[in-house]
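To keep things clear, I will list the structure first and then write my remarks on it.
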Protein chains: 2
Amino acid sequence: MKITAKGEYGVRAMAMLAQDFRAGPIPLREIADREGISYQFLEQIFLPLRRAGLITSVRGAKGGYALAHPPEKIKVGDIVRILEGPIAPVDCVAEGNESSCKRKSICLTRGIWEKLRDTMSEVLDEITLADVAMMSHKTNKEGS
Amino acid sequence: MKITAKGEYGVRAMAMLAQDFRAGPIPLREIADREGISYQFLEQIFLPLRRAGLITSVRGAKGGYALAHPPEKIKVGDIVRILEGPIAPVDCVAEGNESSCKRKSICLTRGIWEKLRDTMSEVLDEITLADVAMMSHKTNKEGS
DNA sequence: ATAAATCCGACTAAATAGATCGGAATAGCT
DNA sequence: AGCTATTCCGATCTATTTAGTCGGATTTAT
């Protein structure tokens, strides 16, 4: 029930871009170093994010990446869906895949996974990068 | 963001036991056949469920498995935790593992995963096997 | 021209998932 | 007592996925 490193790194990197929004493109090397992520692995993560239109890139010297939209327009769910595929605890209830399961009409457990999928989607779609970037102001909010 | 076949099969098998609660122990062979699951794989799933005290077993001829408690006392979350490990979208916020992450105090994204973890736990803990077994009465609830 | 950067397909090692195998132990039935 | 149904359980196996690396082409500011 875990997301992969790809998804986790992707969200972290996007959060960084959100903090530096409007500061010009940030080179991948810097993001990788600051977050302690393999540069070449991060390259693989940014490729689909760009193709999906979540980030823009500037090639050549002084180039780098920036969010394609203001942070409040980008939902964590958007990022996760691109890097991890459709949100679903089991394949047979994957978003967009609704009608495929042969056992659908007799499956006792389908309802569980649909509910779980919907709740997961809701949570991830109601958090934007603006929310995430703001977290830096209220670190340690609940005194552990 | 998926659970494994182990978790999915486990919940399905437990749902069957819930439907036949108080009908005497059911042999694994029958569950495997009815659900179309590999018998030997299902054996591996029932072992930890028994050790955790969710089911009881009767050995020998006429033996089999039964729920150790009434269906309304067993939460789907209990089953998932045993078969999949602690509920958590990322390891660093795993239930019971709370204090281990070194980046905890500076991590912008930790809040996302904590929220997601809590919501997932809530959903899975508020559904009991009694709820699941009842699904057989209201199949196709929303006329798609 | 050079250096800084993105772009991108291919490869690899390790871990995980999903079984399967082989047999021991236990209990009901005749 | 012997046969059969069943749980118990460690070991092994194969395919896929994951996480990361490699090598190089392309673009652009200076």
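Proteins get letters first, then strands, A, B, ... in listed order; numbering begins at 1 in each. Predicted, not measured: the structure shown is a model, and the values here were computed from it.
With respect to A:K104 and A:E114, no salt bridge is recorded, no charged nitrogen being found less than 4.0 Å from a carboxylate O. A salt bridge is absent between B:K73 and B:D78: the closest approach of a Lys/Arg side-chain nitrogen to an acidic carboxylate oxygen does not fall below 4.0 angstrom. The pair A:D20-A:R34 meets the salt-bridge criterion, since a charged nitrogen lies less than 4.0 angstrom from a carboxylate oxygen.
Nearest-nucleotide assignment on DNA chain C puts the 5′-proximal partner with A:R29, out of A:R29 and B:Q44.
Atom pair A:L47:CG and D:dG20:C1' shows a separation of 16 Å (rounding to whole Å applied). A:I3 has its CD1 atom 14 Å from the C1' atom of D:dA19, to the nearest Å. Atoms CD (A:E8) and C1' (D:dG20) sit 15 Å apart, rounded to a whole Å. Rounded to a whole Å, the CD1 atom of A:I45 is 11 Å from the C1' atom of D:dT18. Nucleotide D:dA11 holds its C1' atom 13 Å from the CD atom of B:Q40, rounded to whole Å. Rounded to whole angstrom, the span from the NZ atom of A:K6 across to the C1' atom of D:dG20 amounts to 11 Å.
Between the side chain of A:E43 and the base of D:dT21 there is no donor-acceptor pair of N/O atoms closer than 3.5 Å.
Minimum heavy-atom separation, B:L83 to B:K6: CD1-O, 3.5 Å.
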Working for side chain to side chain contact (heavy atoms under 4.5 Å, CB included), residues A:I127 and B:L116: CA-CA 10 Å; A:I127 306 177; B:L116 185 56; over 6 Å; no
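Between A:L42 and A:Y39, the closest side-chain pair of non-hydrogen atoms is not below 4.5 Å.
A nucleotide of DNA chain C counts as in contact with chain A when one of its atoms lies under 4.0 Å from a heavy atom; the first and last such, 5' to 3', are C:dA4 to C:dA10.
The phosphate of D:dA19 (OP1 or OP2) has a side-chain N or O of A:T4 nearer than 4.0 angstrom. The side chain of B:Y39 places no N or O atom within less than 4.0 Å of a non-bridging phosphate oxygen (OP1 or OP2) of D:dC8.
Residues from residues 10-21 of chain A with heavy atoms under 4.0 angstrom of DNA chain C: there are none. Listed by residue number, A:R51, A:S57, A:V58, A:R59, A:G60 are the residues of residues 51-60 of chain A with a heavy-atom contact under 4.0 Å to DNA chain C.
Remark: side-chain polar atoms of B:R50 are not paired, donor with acceptor, to backbone N or O of B:S57 under 3.5 angstrom. No side-chain donor-acceptor contact under 3.5 Å links B:E84 to the backbone of B:I3.
Using a 4.5 Å cut-off between side-chain heavy atoms of Ile, Leu, Val, Met, Phe, Trp and Tyr, with links allowed through other members, A:M135 and A:V11 fall into the same hydrophobic cluster.
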